[in-house]
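Everything on this sheet refers to the single structure shown next.
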Amino acid sequence: MALHFYCETYRRIFKANRATVKVKKYNIEERHGPICKKLFNRKRKPFNALKQRLQGTDIPTVKKTPQSKSPPVRKSNWRQQHEDFINTIRSAKQCTLAIKEGRPLPPPPPPSLNPDYIQCPYCMRRFNEAAAKRHINFCKDQSSRRVFNPAQTAAKLTSRAQGKAQMGPKKEPTVTSAVGALLQNRAQVATNEVPTNS
């Protein structure tokens with residue numbers, strides 16, 4: 001038959017048979033109680049596996065650099081995002097209704113500007129903070145190499161926002177020597193053949 005002992009410190013039940021209690025001549029509860037309280041009141045030092053693994057080797061331990069403070073949390077602009085989302089849904093419903101009724105499509109909603117984005121002074125595009133640092137340096141170098149017209153860039157951006165594609169002069173396709181020879185042969189065959197009327 002097993003004896004059950006309940007520990008008040010960390011609420012656990014121990015089993016011990018009568019033979020071990022009689023042989024050792026002490027009460028398990030009296031013995032366990034002070035030891036358990038002593039262990040649970042003492043704060044344990046966290047175990048460092050790296051330190052133990054490197055113990056006895058010539059590898060020096062690497063001290064961790066303290067982490068810098070986390071960047072300040074930006075204020076959420078969920079209300080503006082919600083309004084933009086609602087406006088987008090409304091304009092999509094208007095477009096669907098116009099298509100069903102056969103009317104011309106309404107103009108698209110104005111693009112929403114993210115207040116967290118930084119505008120490039122050279123090309124007027126907007127980027128998040130990390131991308132803006134990289135892009136502004138790149139754009140500064142590019143603008144110093146070529147003549148930069150901010151009005152032209154602004155016009156391109158407005159045309160993109162309105163969904164109009166910028167159409168430049170159409171480029172003639174390049175013809176390789178093999179394709180050029182094939183085209184010449186076809187032209188000669190076409191001039192040699194005379195259509196007959198039957």
*Among Ile, Leu, Val, Met, Phe, Trp and Tyr joined by side-chain contacts under 4.5 Å, find the other residues sharing a cluster with Phe127 and list them by chain and number.*
none
_Listed once per pair and sorted, the side chain to side chain donor-acceptor pair (under 3.5 Å) pairs that draw on residues 82-98, sequence neighbours left out_ = Asp84-Ser112
_Taking side chain to side chain contact (heavy atoms under 4.5 Å, CB included) as the definition, give me every residue that meets it alongside Gln119, ordered by chain and number, with sequence neighbours left out._
Met124, Arg126
*Tell me, please, which residues at least two apart from Leu105 pass side chain to side chain contact (heavy atoms under 4.5 Å, CB included).*
Cys95, Ala98, Ile99
*To the nearest 0.5 angstrom, please state how far the NZ atom of Lys100 sits from the CG atom of Leu97.*
7.5 Å
*Listed by chain and number, what are the side chain to side chain contact (heavy atoms under 4.5 Å, CB included) partners of Ala92, not counting sequence neighbours?*
none
*What residue pairs, at least two apart or across chains, pass side chain to side chain donor-acceptor pair (under 3.5 Å) with a residue in residues 127-138?*
Arg74-Glu129
*With sequence neighbours excluded, tell me which residues meet side chain to side chain contact (heavy atoms under 4.5 Å, CB included) with Gln52.*
Phe47, Gln55
*Can you name the side chain to side chain donor-acceptor pair (under 3.5 Å) partners of Glu101, sequence neighbours left out?*
Arg103
